[in-house]
Every structure is written in structure tokens, then in C-alpha cells.
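As the structure is a computational prediction, the values presented were derived from the model and not from experiment. Note that ligands are numbered from 1 as they come in the structure, with each ligand's atoms numbered from 1 the same way. Hydrogens, waters and symmetry mates play no part in the numbers below; they use all other heavy atoms, side chains included.
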Amino acid sequence: MLTLETIVALCKRCGFVYPSADIYGGLNGVYDFGPLGTRMKEHIRSFWKKTLYQTDKTIIFFEGSLLGPTAVWEASGHIENFTDPMVDCLNCKKRFRADELDLTKACPSCGKMNWTQARKFNLMFKTQMGAMEDATSVAFLRPETAQAIFINFKNVMSSYRVKIPFGIAQIGKSFRNEITPKQFLFRTREFEQMELEWFCKPDQASTDFLFWLSQRKNFYEKLGFNMEHLRFRAHEKDELAHYSKECTDVEYQFPFGWKELEGIANRGNYDLSQHEKFSKKDLKVFDEETKESYTPHVVECSVGSDRLMLALLCDAYHEEEVENEKRVVLKLHPAIAPITAALLPLTKKLSDATFPLFNELKKKGFSVQFDETGSIGKRYRRQDEIGTPLCFTYDFESDNDKMVTVRDRDTMTQQRIPIDQIETIIKEKLTY
Ligand code: GAP
């Protein structure tokens with residue numbers, strides 16, 4: 001049984017993820033991404049973007065600000081409703097989410113029974129802008145990327161000259177002051193979201209919701225997820241947010257249970273109507289067919305890239321017994337693996353001959369690594385552990401016959417191939 005601790009340890013050991021401010025004891029619910037984590041996240045973003053482009057739909061990419069004024073969050077409902085119920089233990093002063101505890105029982109931390117009343121805790125990070133400290137200088141770090149899209153919907157539509165239906169997609173950081181950040185990258189206070197807001201005519205929204213549901217299913221299949229670890233769970237009527245007409249959560253079976261990975265929702269015209277009401281600006285569009293104005297409806301697909309990274313790592317992690325030794329291998333999709341190919345001289349004597357091959361691939365933009373230290377067996381294992389799909393080994397024959405050995409991560413088979421085919425083999429692996 002895979003444990004979260006195994007993944008956390010691998011992430012730190014290999015340079016995927018470190019606790020933030022580690023040398024100062026860490027910052028709870030905040031993480032830094034190491035060399036491999038940075039590359040893996042880049043690959044996750046590209047995969048998400050590319051699969052959106054592959055749909056034939058008009059999708060426009062956008063980058064909104066991280067800070068937003070109070071008015072935006074009043075309109076969106078975050079000031080009023082973006083809260084979790086919180087209780088404190090008066091004995092040990094620890095703070096908990098009231099909905100995750102049985103308040104008729106003692107404190108899980110100190111064992112005493114001395115709770116405060118449950119009260120609402122707003123999850124947004126509030127800050128002050130400029131030198132004046134009054135109500136007008138208050139700003140909030142965004143708790144979701146979506147609102148910046150809604151408030152720029154008209155700007156994008158007119159400046160980019162697009163017509164309904166179209167989508168605005170955004171990848172960026174969001175911040176939530178979670179009362180109890182936990183389970184590593186699953187629930188953090190600073191995280192990245194990949195959100196698509198699809199604007200359509202009201203009578204098209206339910207059909208488009210189903211379309212995006214199937215597209216998102218394709219995305220997870222293409223990523224190579226074990227589909228038994230993934231389920232699409234439609235919300236019951238009483239689970240739906242008041243503005244939401246339909247909503248389906250994509251859930252993944254993490255080591256700590258089935259949890260939400262992505263939310264797909266038909267949000268009706270709630271968001272644009274709210275911003276119209278609060279900003280008093282017209283966000284309607286004119287329908288050339290009916291000659292009437294209407295407020296577009298929105299279908300949203302929202303996934304956290306850090307949470308997705310955790311799911312991908314859990315799904316890819318395998319331990320096998322090979323020649324009486326444990327082999328740890330991350331069977332990541334080649335396009336997601338942080339390193340696509342490793343270039344390995346059989347011994348250090350061959351480093352000078354191998355390095356130019358690595359350098360050439362690196363200059364062409366491939367994610368490659370050069371590794372000359374340790375036995376070749378150890379180096380293969382190192383690459384297996386970080387999910388590198390291909391290793392190319394340059395040996396004492398290579399100079400004469402212009403061939404190298406390519407080794408496959410999953411099958412561990414080795415084959416001799418001409419050096420001038422390396423690039424083609426890498427490209428084939430990266431195709432999806
Ligand atoms: N705009 C809709 C929205 O933000 P959400 O369900 O609150 O909806 C969407 O968040 C996704 O963002 C979640 O499915 C999850 O993948 C990610 N996410 C939310 N809170 C997170 C947190 N504290 N840490 C990591 N990822 C988070």
C-alpha cells in the first residue's frame with residue numbers, strides 16, 4: 001500500500017518539492033518546487049494547454065492579477081461566503097475546522113475537552129495597498145483565478161474580436177488561508193490553478209457542460225491515469241452551490257482516500273450577473289439572431305496543478321523486485337516526466353564524447369539530463385526513480401559505429417540505435 005510519506009520522501013530526496021523556508025523550520029501549508037518539480041509542473045501546464053487547443057474550440061489564454069480590490073470579492077460572494085467553521089481548543093490553543101471534528105469528543109492534540117464556540121473564518125488573505133491604512137487600501141490575494149476572467153470578459157471579447165461561444169483559460173497562483181492545510185500538496189495555502197471559463201448562450205450551457213465533461217475525461221485518460229483510481233462524481237441537488245446548475249467532481253483515490261481533483265460546473269449566469277450588479281457595467285452580449293441582449297452562461301473546469309501533480313506521482317509510483325533488489329520507478333507519461341531523456345557515458349572516459357549529444361538536445365529545448373557519476377546500473381535506477389522514460393548510453397563502440405544503446409524505463413529493454421535517430425525516438429515518446 002502506497003503511503004503519502006513515501007511520496008513526500010521521494011519528492012524531497014530527488015528535488016521535486018521541499019517544504020518552504022525549510023532551513024527556518026518551514027512555513028505551514030506552503031511548498032517550494034525543486035529542479036524536477038519545476039519541470040514537471042511546466043509539463044503539466046503544457047499538457048493542459050495543449051489538450052485545450054486540441055479541441056477545435058476558441059480558447060483564449062489570459063493572465064490576471066493576483067491582487068484584487070474588495071469590490072471584486074464582494075460581488076463574487078467570497079467576502080460573505082468563503083468561510084470555514086473554526087474552533088479553538090482553549091487548553092492547547094490549537095485551531096481546527098469544526099466540520100472535520102466531533103465536538104462532543106476531546107481535542108485530538110491534547111486530549112482535553114475545552115472547545116470555543118464554532119465561528120466563521122474567512123479563507124482569503126487580506127492585505128494593505130499603499131501607505132494609507134484605511135478601508136479603501138484593503139486588497140485581497142485571489143482565492144481563485146476565475147474572477148479575473150469574469151471581470152475581463154468584455155475586455156477580451158471586444159479587444160480580441162471573438163464571438164460567443166468561446167473560452168478564457170488561465171493558469172496562476174491562488175491563495176487560501178486554510179485552517180488546517182494538510183496532506184502535502186493536496187491542501188496548501190498557496191497553490192496553482194488551471195481554470196477554463198467557457199462562455200456560451202443560456203440554452204447551450206447544459207450541452208456544453210457535457211462536452212467539457214467528456215473532454216476532461218479524455219485529458220485524464222491521455223495522461224495515462226489508471227482509470228480505476230479516478231471517478232466522476234455528479235453532485236446531488238443538495239450539494240450544489242446555490243448558483244450552480246450542474247457540477248461534477250473528478251475524484252482521485254489518494255493514499256488518504258477519494259478526494260476532489262477537479263471541479264466541472266455549469267455556473268449559469270451567476271458570475272457575470274453579480275459583476276454587472278456590483279460594477280453597474282453592462283456585461284451583456286447582443287445576439288445577432290434573436291436581436292436581443294443576454295448575459296452569457298459559464299461552464300467552468302477548474303483543477304489545481306499541485307494537486308494534480310500529487311495525483312500523478314501517486315499513480316505513477318511503482319516498486320518492483322528486480323534481480324533481488326527493489327526498483328522504484330515512476331511510470332509517468334513521457335510528456336509529464338521531468339526529464340525526457342538521460343545521456344549517459346558508460347564510463348567517465350566517454351564523458352567528453354557524450355556531452356555534445358546532451359548539449360545539442362538541450363539547446364533544441366528537450367528536457368534532458370547528463371549523468372556520469374556511479375555505475376551504469378545505479379544511474380538507470382536513479383532515472384527510473386524520477387520517471388525518465390529514455391536513457392541513451394554511449395559506450396566504447398559508439399565512436400566507431402555511431403550507435404548508442406537506448407534503454408526503456410518501463411520494460412527495461414535495451415536496443416542499439418544510430419545516434420542520428422535519438423531525436424526522432426524522443427519526439428515519438430513525447431507525442432500525444
Ligand atoms: N473557481 C472554482 C474553484 O476555485 P474549487 O473547488 O474551490 O473551485 C478548484 O477549486 C480546484 O483547485 C480544486 O479541485 C483543487 O484541485 C484546487 N484547490 C483548491 N483548493 C486548494 C488548496 N488549498 N490546495 C491545493 N489545491 C487546491
I'd like a table of donor-acceptor pairs (distance under 3.5 Å, sequence neighbours excluded) in which one partner is a side-chain atom from residues 14-24, with atom names and distances.
from : atom 1 : to  : atom 2 : distance (Å)
S20  : OG     : D32 : OD1    : 3.2
S20  : OG     : D32 : OD2    : 3.4
D22  : OD2    : K12 : NZ     : 3.0

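From the protein, the heavy atom lying nearest to atom 25 (C) of ligand 1 is F186 O, 3.1 Å. Here the heavy atom of the protein found nearest to atom 9 (C) of ligand 1 is S302 OG, 3.0 Å. Remark: minimum distance from atom 14 (O) of ligand 1 to any protein heavy atom is reached at E260 OE2, 2.6 Å. In this structure, the protein non-hydrogen atom closest to atom 24 (N) of ligand 1 is T188 N, 3.0 Å.
When each atom of ligand 1 is checked for a heavy atom of E300 under 4.0 Å away, the hits are 1 (N), 2 (C). Taking every heavy atom of G304 and a limit of under 4.0 angstrom, the matching atoms of ligand 1 come to 11 (C), 12 (O), 15 (C), 16 (O), 17 (C). For ligand 1, the atoms sitting less than 4.0 Å from at least one non-hydrogen atom of E195 are 1 (N), 2 (C), 3 (C), 4 (O), numbered in the order shown with element in parentheses. Close contacts between ligand 1 and L261 involve ligand atoms 14 (O), 15 (C), 16 (O) [criterion: under 4.0 Å to a heavy atom].
Residues D306 and R187 are not paired through a salt bridge, judged by the lack of any N-O separation under 4.0 Å between the basic side chain and the carboxylate. A salt bridge is defined here as a Lys NZ or Arg NE, NH1 or NH2 lying under 4.0 Å from an Asp or Glu carboxylate O, and E100 with K182 meets this definition.
When ring centroids are compared, Y270 and H297 stay outside the 6.0 Å threshold. Annotation: F47 is in aromatic contact with Y432 [ring centroid separation under 6.0 Å].
Judged by the shortest distance from any of its heavy atoms, D306 lies outside the 4.0 Å radius around the atoms of ligand 1.
When the heavy-atom distances from atom 10 (O) of ligand 1 to E144, K182, Q193 are ranked, the shortest goes to Q193. Checking F191, Y252, F150, F175 against atom 22 (C) of ligand 1, the nearest heavy atom belongs to F191. Of the options R142, R307, R176, E251, the smallest heavy-atom separation from atom 5 (P) of ligand 1 is shown by R176.
Not a single side chain to side chain donor-acceptor pair (under 3.5 Å) links K49 to another residue, sequence neighbours left out.
Shown here is R161, whose CZ atom has no more than 12 heavy atoms of other residues, nucleotides or ligands within 6.0 Å. The 12-atom threshold is not exceeded at NZ of K94, counting heavy atoms of other residues, nucleotides or ligands nearer than 6.0 Å.
For the pair F358 and F366, the minimum side-chain heavy-atom distance is 4.5 Å or more.
Ligand 1 has a nitrogen or oxygen under 3.5 angstrom from a nitrogen or oxygen of E178.
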